[in-house]
2 protein chains.
Amino acid sequence: MTQKSDHIPRATIQRLAVYVQVLENLLREGTEVISSEPLAKACNVNASQIRKDLAYFGEFGVRGVGYYVKSLIDSITSALGVDREWRTVLIGVGNLGRALLNHKEFRLRGFNIVGAFDCDPFKIGEEISGLEVVCTKRLKEKIGENGAEIGIITTPPERAQRAANHLVEAGIKGILNFAPARISVPSEVNVEYVDLFHHLYALSFNITFGSSE
Amino acid sequence: MTQKSDHIPRATIQRLAVYVQVLENLLREGTEVISSEPLAKACNVNASQIRKDLAYFGEFGVRGVGYYVKSLIDSITSALGVDREWRTVLIGVGNLGRALLNHKEFRLRGFNIVGAFDCDPFKIGEEISGLEVVCTKRLKEKIGENGAEIGIITTPPERAQRAANHLVEAGIKGILNFAPARISVPSEVNVEYVDLFHHLYALSFNITFGSSE
DNA sequence: TTATAATTGGGAATGATTTCACAATCAGGA
DNA sequence: TCCTGATTGTGAAATCATTCCCAATTATAA
């Protein structure tokens, strides 16, 4: 899959992920074809938004008919580069780290967690969901063996930057950071932040000052 | 705290949460005053962006000096409506649900989880982090007692809409949805989606097609 | 008291994204 | 084969967000 256009808005990428989610649920319910209008409703966006988003990557629809759900899912996942296996490692075996390690959906969606790391000697050696927790110092060595490209940080905030440094040094290409801290990495490394509290803050603001009016 | 301006961009709200995160880390390191330029660097945004974002809510800085870190945190949290306790309930006591119930940070940040619900008879009655898991059917009754305003959905996707319906019926004002499905609710109810895979998809796309060039 | 250096707040200009509107295209039936 | 109704793909317009720039303001030091 190659892009038709050079620059693709970040918002478009985020929406594509939503489209996939909704399309998968539609497929599960037996829908084979859908047009942009009802799909837009289900995704809570504008119909031309969907068409424009898809147009960045090619022409996937049939005029007068709509989109074939299954083939559209394939087209979008291919456009996002998720039609393959991605190997990941996780640093920080706390509550959240454990939950993620036990989350089967990761493997199901092609994001295989192939290594778990922590610097706490009491955790090293422990086995979680078939993975042995390894000392963070051995990260580079281990990544050399398993070829992981994505790192997941689930440490406390004060250790996030150190974890990021380890990952960068090991040659990782992308980081998913759950720690509530910004990290700085070389520009060729991609970072995505997941922060529950950002969403809770947004809820708090919207409830308090009313976004729904 | 009241807003100066009527409409505030969603992106601004998200950035305010980032500013708080970074400012809290600065405070922990002993910084008392900071100007928009270095703060912008730490947050990875433009300096006038910060000033404009803050200007939606009032004038918090001192010309020629900058912003007092502590007081700016207070101003922003007040602007977001998070300078109070928010009571929340959680539906869906799976892996993720358990991890969230055990996550102390929630209480620390004023988002108190005061109820845990599930429809699985094997889970009902179980005690997690001081909370007894209750049948989802008793949601309305329980919320009547504890006055929760925010619901957290951690069910599988196919049960997300039902959970949302229960929450709406119980009079909840906002929903944080971790289930990989869109839900539909009346417009006065606010919904925020947290989806790991959206972030992983974005990473995949950026790594594959190069956002860092 | 006045001059200087720093830095905010906000208007104006720019840039990006979303929505509109419609020609182009397709399936299906007469 | 041709017409009708539906729906895409896309240029143009409208909206929204970001960045630039500088007057206004403040602390500090002479």
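In what follows, every chain begins at residue 1, and chains take the letters A, B, ... in the order their sequences are listed.
Counting to the nearest Å, the P atom of D:dT8 and the CZ atom of A:F57 are 18 Å from each other. One interatomic measurement links the two molecules: CZ of B:R63 to C1' of C:dT7, which rounds to 9 Å at whole-angstrom precision. In this structure, B:R10 atom CZ and D:dC16 atom P are separated by 16 Å, rounded to whole Å. Nucleotide D:dT18 holds its P atom 11 Å from the NZ atom of B:K52, rounded to whole Å. In this entry the distance linking OH of B:Y67 with C1' of D:dA27 reads 17 Å, nearest Å. Between the CZ atom of A:F60 and the C1' atom of D:dT7 there is a distance of 17 Å, given to the nearest Å. Separating the CG atom of A:D53 from the C1' atom of C:dT18 is a distance of 10 Å, rounded to the nearest angstrom. Spacing between atom CD of A:E59 and atom P of D:dT7 amounts to 18 Å, rounded to whole angstrom units.
Residue order along DNA chain C, read from the 5' end via each residue's closest nucleotide, puts A:A11 first among A:G64 and A:A11.
In this view, B:E105 and A:F197, B:H103, B:L108, B:R109 satisfy the side-chain contact (heavy atoms from CB on, under 4.5 Å) rule, not counting sequence neighbours.
Within the structure, a side-chain polar atom (N or O) of A:R15 is placed less than 4.0 Å from OP1 or OP2 of C:dT18.
Under the side chain to side chain contact (heavy atoms under 4.5 Å, CB included) test applied with A:L90, the options A:D118, A:I113, A:I153, A:V114 reduce to a single match, A:I113.
For A:D83 and A:T77, the side-chain atoms include no donor-acceptor pair closer than 3.5 Å. Side chains of A:R28 and A:N25: a donor on one and an acceptor on the other come within 3.5 Å. No hydrogens or angles considered: nothing links the side chains of B:N177 and B:E192 as a donor-acceptor pair under 3.5 Å.
Near DNA chain D, meaning a heavy atom under 4.0 Å from it, residues 16-51 of chain B has B:N46, B:S48, B:Q49, B:R51 in order of number.
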Take B:R87 and B:E149, measure what salt bridge (charged side-chain N to carboxylate O under 4.0 Å, His left out) needs, and give me the verdict at the end. CA-CA 6 Å; B:R87 297 187 173 204; B:E149 293 172 274; over 6 Å; no
